[in-house]
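Chain naming here is simple, since letters A, B, ... match the order of the sequence lines and numbering starts at 1 in each. Note that the coordinates shown come from a computational prediction; the quantities given were computed from them, not determined experimentally.
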2 protein chains.
Amino acid sequence: MKPNTIIQGDCIEELKKLPDNSIDLIFADPPYNMQLENALYRPNNTKVNGVDDEWDKFASFAEYDTFCTAWLRECRRILKNTGTIWVIGSYHNIFRVGNIMLNLGFWILNDVTWYKTNPMPNFMGTRFTNATETLLWCSKGKEHKKYTFNHKLMKKYNGDKQMTSVWQIGLCIGEERLKGEDGKKAHSTQKPEELLKRVILSTTKQNDVVLDPFFGTGTTGAVAKKLKRSYIGIEQESEYITLATNRIDKIKDCFEEADWVEESKENKSLPISP
Amino acid sequence: MKPNTIIQGDCIEELKKLPDNSIDLIFADPPYNMQLENALYRPNNTKVNGVDDEWDKFASFAEYDTFCTAWLRECRRILKNTGTIWVIGSYHNIFRVGNIMLNLGFWILNDVTWYKTNPMPNFMGTRFTNATETLLWCSKGKEHKKYTFNHKLMKKYNGDKQMTSVWQIGLCIGEERLKGEDGKKAHSTQKPEELLKRVILSTTKQNDVVLDPFFGTGTTGAVAKKLKRSYIGIEQESEYITLATNRIDKIKDCFEEADWVEESKENKSLPISP
DNA sequence: TATAAAGGTGAATCCGCAC
DNA sequence: AGTGCGGATTCACCTTTAT
């Protein structure tokens, strides 16, 4: 198990190769199974560029459940007893995922709400603006109480008040959003670095190993490097691996966490590498 | 089926007596199955008065799932095709509940986050402050698209901007919280009226029938009456029924929804009856 | 150059009727 | 069930173009 590598391959197969009790933290951003059918247009008649990637399509709940049970079971096996796991999802999938995690014996520590500061509105006025995604933070089991949680650090980060389970963070847009040669977004679901900063800062120590089984464009690896953690990524698509590799190679500014939190009081963003 | 009544009895048995396709809205606040084993103490050694009621205890996930499947199945049967259902829960149970609802064919419209403005801190510093509960708002099924949603009204209520799925509302405390003769809270999980106001205002029309299968101290009935909707409550415990009956009888000030929304721009609280 | 206006876009389960 | 069409529907923020 070599740290700071991206493994190309099928998520479940590659997880099976990793040894028991070897990982300090897992961050997983699995397919959401969005079940989009028809095109959606804004009031000005422009088309919404929805998630139509093949990797997000599942034939049924049963198929999605089988997939999630398999990768989550492996995640639990390779997690250290002091480790924890984060899984992010939307209402489309998080109730399937949460149910499976409970069945596998994971113990929910928090359901953190990512409260988007700039969500896309509901154009037709048929629902409330869907302004959140949910992160499930879990230990390996009820009996594993000695997990890493940097309470004081997060309190300091939050202006000396205990950080709550609601995180107000904007979408990943602008300079931070990776673009392809055509100027379009390179990945449909790139997550903001601020989200990963809070995850990694709160639940790992320096030099810990962070695993991301759905590495995508490598946000987890990029933030892990900036915060002096090790990372292991698993990703199937070679285009994403190329993007992630370049992105992480460019990073030169790495931080002692204490220094970074001190700085972050004024500016909570880590520098984006050029 | 007589409107504006409280039915005493077992939730599932009483639901079975109600006719198909007869209810406009269901609000359900089921037991959370909190699994609190040890008492929780504050740093100053005072004991936190948690939820330790007998009705909140289930032997296993399987038992809880069986219970929820039964009452949710009946709810779906009695709901009109134009109706919707709200179920509130915390991370302890909402992933069981959500999974069951999906399996029964409910279609999730929003997962609304109740973002508590005054949550109880995590005294031990072992987790993030748990600042939310989740409300699942669902239609009877994907094919039932003509559900009631008062989009314009909620937009007006929200300062002429579309209301999002995050609702910042305080806990039910102070004058609004019902007390027993001993001065202690009369019910361990009384919900704030503001929560029910948003639920009823957004997803019913005047004179619609609102059913609450876990009526408790009758917050649903109280708000329904204030907003000129009908209610049906089901509740097992006679003490709660007495409290709820007295509470609802006291209400004299009822509102046309348009008037109330106009007023609510300055003061979002409906008057608490004396 | 500076400011304003116009255009683009984000994990989206987003209409309803007639034929 | 599928298609076609009239009509109602959006927020924050970034980029590009115009003044």
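- Of the candidate nucleotides C:dT13, C:dA11, D:dC11, C:dT13 has the atom nearest to the side chain of A:Q35.
- In this structure, the CG atom of A:N38 is 13 Å from the C1' atom of D:dA1, given to the nearest Å.
- The side chain of B:K145 sits closest to C:dG16 out of D:dT10, C:dG16, C:dA12.
- Once the 5.5 Å centre distance and the 30° plane angle are applied, the aromatic ring of A:Y91 is found not to be stacked with the base of C:dT13.
- When Watson-Crick and G-U wobble pairs are counted only if both distances are under 3.5 Å, C:dC14 pairs with no nucleotide at all.
- Across all strands shown, A:G50 has heavy atoms under 4.0 Å from base atoms, whether or not it also approaches the sugar-phosphate.
- At a cut-off of 3.5 angstrom, counting only N and O atoms as typed in the model, there is no donor on one side facing an acceptor on the other between the side-chain of A:K116 and the base of C:dA11.
- Checking C:dA12, C:dA11, D:dT9 against every side-chain atom of A:D29, the shortest atom distance belongs to C:dA11.
- Residue B:L109 is classed as having no contact, given no heavy-atom separation below 4.0 Å to the nucleic acid.
- Taking atom P in both D:dA8 and C:dG10, one finds a spacing of 29 Å when rounded to whole Å.
- At a threshold of 4.0 angstrom between heavy atoms, the contacts of A:N122 include nucleobase atoms, whether or not backbone atoms are also involved.
- Nearest to the side chain of A:T189, among D:dC13, C:dA11, C:dC14, sits C:dA11.
- Phosphate proximity of D:dT9 to B:K152: present, with a side-chain N or O under 4.0 Å from OP1 or OP2.
- Remark: the A:R127 side chain and the C:dT13 base include a donor-acceptor N/O pair separated by less than 3.5 Å.
- Counting to the nearest Å, the C1' atom of D:dT10 and the NZ atom of B:K156 are 19 Å from each other.
- Atom pair B:H144:NE2 and C:dG16:C1' shows a separation of 16 Å (rounding to whole Å applied).
- Looking at heavy-atom distances under 4.0 Å, B:Q162 makes contact with sugar-phosphate atoms alone, never a base.
- In the set C:dA11, C:dT13, C:dC14, C:dA11 carries the atom at the smallest distance from any side-chain atom of A:K191.
- With the nearest nucleotide of DNA chain D identified for both A:M124 and A:P119, A:M124 has the one nearer the 5' end.
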For A:F149 and B:F128, what are the C-alpha separation, side-chain angles and deciding distance, and is it a ring-ring contact (aromatic ring centres under 6.0 Å, His included)? CA-CA 9 Å; A:F149 179 61; B:F128 298 98; 5.0 Å; yes

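- For A:N49 and C:dA11, a side-chain-to-base donor-acceptor distance below 3.5 Å is absent, hydrogens and geometry of angles not being considered.
- When each of A:N44 and A:E37 is assigned the nucleotide of DNA chain C with its nearest heavy atom, A:N44 is the one assigned upstream, toward the 5' end.
- You'll find that the side chain of B:K155 is closest to D:dT10, out of C:dT13, D:dT10, C:dC14.
- Glycosidic conformation of C:dT13: syn, with the torsion inside 90° of 0.
- Under the Watson-Crick or G-U wobble criterion, with both distances below 3.5 Å, D:dG7 is left unpaired in every strand shown.
- Among the nucleotides D:dT10, C:dA11, C:dT13, the one closest to any side-chain atom of B:W107 is C:dT13.
- Considering every non-hydrogen atom in both A:F27 and A:L135, the closest pair reads CE1-CD2, 3.9 Å.
- Rounding to the nearest 0.5 Å gives a distance of 14.5 Å between CZ of A:F67 and CZ of A:R96.
- The distance from atom CG of A:N45 to atom P of D:dC5 is 15 Å, rounded to the nearest whole Å.
- Residues A:R198 and A:S202 have side chains that never bring a donor and an acceptor to within less than 3.5 angstrom of each other.
- Salt-bridge check for B:K80 with B:D24: passed, with a basic side-chain N closer than 4.0 Å to an acidic carboxylate O.
- Counting distance only, with no hydrogens placed and no angle test, the side-chain atoms of A:R42 and the base atoms of C:dG10 include a donor-acceptor pair under 3.5 Å.
- A side-chain donor-acceptor contact under 3.5 Å links A:T219 and A:R247.
- Counting non-hydrogen atoms under 4.0 angstrom, A:P192 reaches nothing in the nucleic acid.
- A sub-4.0 Å separation between OP1 or OP2 of D:dT10 and a side-chain N or O of B:H151 is present.
- Considering only side-chain atoms of A:K185, the nucleotide from C:dC14, C:dA11, C:dG10 that sits closest is C:dG10.
- Taking only side-chain atoms of A:K184, from C-beta outward, the nucleotide of D:dC13, C:dA11, C:dT9 with the closest atom is C:dT9.
- In this structure, A:S188 reaches the sugar-phosphate backbone alone: every heavy-atom distance under 4.0 Å involves primed, P, OP1 or OP2 atoms, never a base.
- A 3.5 Å limit on both hydrogen-bonding distances identifies C:dA4 as the Watson-Crick or G-U partner of D:dT17.
- Side-chain contact between B:N21 and B:K140: present, with at least one pair of heavy atoms (C-beta onward) separated by less than 4.5 Å.
- At whole-Å resolution of the value, OH in A:Y64 and C1' in C:dT13 are 13 Å apart.
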Would A:W137 and A:W167 count as a ring-ring contact (aromatic ring centres under 6.0 Å, His included) if you check the C-alpha gap in whole Å, the side-chain angles of each, and the deciding distance to 0.1 Å? CA-CA 13 Å; A:W137 176 45; A:W167 295 355; 9.3 Å; no

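- Comparing C:dC17 with C:dT13, their C1' atoms are spaced 22 Å from each other, to the whole Å.
- C:dA11 and D:dG6 have their C1' atoms separated by 31 Å, with the value rounded to a whole Å.
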